[in-house]
Protein chains: 2
Amino acid sequence: MGLAKTEIFTDLQNEIAVIAKAFGHPARVAILQHLFKMDTCVCGDLVNEIGLAQPTISQHLKELKLLGLIKGNVEGTSVCYCIDGENWTKMKAIIMQFLDQDISKTDCC
Amino acid sequence: MGLAKTEIFTDLQNEIAVIAKAFGHPARVAILQHLFKMDTCVCGDLVNEIGLAQPTISQHLKELKLLGLIKGNVEGTSVCYCIDGENWTKMKAIIMQFLDQDISKTDCC
DNA sequence: TTTGTTTATTGCAATATTACGATTAATAAA
DNA sequence: TTTATTAATCGTAATATTGCAATAAACAAA
């Protein structure tokens, strides 16, 4: 039905999924990479860097902000975005822990 | 339009997004966790463990298999799934590298 | 105030995803 | 062969996502 049955999963499972979903679109990956690469905070030139229309970028930024991965700061008419270091570290840890499970056992298939 | 403009992004950006998308649903997270937890390969009891219908689980398994994260082995009437260790390690590395960018700079927002 | 610049929001179309009932396919067992 | 068991596939409904044109909102500068 296009709607995930979140209630049958653990909080952690849902949390991992929500975070992963944020990384699940190349535009958002590109935005995050760009915010990392730049020393200074980039603002709306993301629209120029990435080849998507301004409303589309704005929408992706909104999602990332809502999740807490980035922060936005109004500076005059433009908005300066950057990684939210604290939250990034937290979410990184959650994903890393999930990815870092042991596969010591020899493949059984 | 519901369709990502993959052609304007780098291969790596698209790759990260595709892998992350696989983790972007709690059912697939649960399946992977279960396959890791079990010493032996679990098969269709994933349907019982997770509270989703058999066709739904089968569909999620298909996605994970298509991406290469898991392997399936027919054993009589049932199918035995397990993590594809080699691919898992590869994809883990890709995601880890993406997550592990430095946020040494003080927040600018 | 008017004008320009930048970003957010709205509304909508196209496509994707999720979920499952019904069915099929494949194999094992009787 | 018939029957049971298990998993895949098909078809479909409901919802989500992506993208953008048009517009609005917010602010700076003239």
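So you know, we letter chains A, B, ... as the sequences are listed, proteins then strands, and number each from 1.
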Using heavy-atom distances to pick each residue's nearest nucleotide on DNA chain C, tell me which of H25(B) and V47(A) is more 5'. V47(A)
Would you kindly give the CD-to-C1' distance between E75(A) and dT6(C), to the nearest whole Å? 13 Å
Checking R28(A) side chain against K21(A) main chain: does a donor-acceptor pair fall under 3.5 Å? yes
Can a donor-acceptor pair be found, under 3.5 Å and without considering hydrogens, that links the side chain of D84(A) to the backbone of K71(A)? no
Rounded interatomic separation in angstrom, taking CD1 from I31(A) and P from dT7(C): 13 Å
Provide, to the nearest angstrom, the distance between the CD1 atom belonging to I70(A) and the C1' atom belonging to dA8(C). 14 Å
Length of the CD1-P vector between I50(B) and dC20(C), whole Å: 12 Å
Atom-to-atom span, CD of E7(A) to C1' of dA19(C) - whole angstrom: 12 Å
Let me know the distance between CG of L67(A) and P of dT17(D), rounded to the nearest Å. 13 Å
Just by modelled atom types, is the L52(A) backbone N or O under 3.5 Å from a matching donor or acceptor in the T56(A) side chain? no
Contact check, residues 54-63 of chain A vs DNA chain C, heavy-atom distance under 4.0 Å, returns Q54(A), P55(A), S58(A), K62(A)
More 5' along DNA chain D: D45(B) or K21(A), using each one's nearest nucleotide? D45(B)
Please pick, from dT5(C), dT6(D), dC20(C), the nucleotide with the shortest atom-to-atom distance to any side-chain atom of T77(B). dT6(D)
Are OP1 or OP2 of dA8(C) and a side-chain N or O of Y81(A) less than 4.0 angstrom apart? yes
Please step through side-chain contact (heavy atoms from CB on, under 4.5 Å) for the pair I83(A) and L69(A), ending with a clear verdict. CA-CA 6 Å; I83(A) 304 286; L69(A) 283 173; over 6 Å; no
Can you spot which of H60(B), E63(B), H25(B) makes a side-chain contact (heavy atoms from CB on, under 4.5 Å) with I31(B)? H60(B)
Donor-acceptor under 3.5 Å (W88(A) side chain, L99(B) main chain): yes
For S78(A) and K5(A), find the nucleotide of DNA chain C closest to each by heavy atoms; which residue's nucleotide sits nearer the 5' end? S78(A)
Answer yes or no: is there a donor N or O on one side and an acceptor on the other, between the side chain of N14(A) and the main chain of T6(A), under 3.5 Å? yes
Measure the distance from NZ on K65(A) to P on dA8(C) and round it to the nearest whole Å. 6 Å
In whole Å, I'd like the distance from the CG atom of L52(A) to the P atom of dT7(C). 15 Å
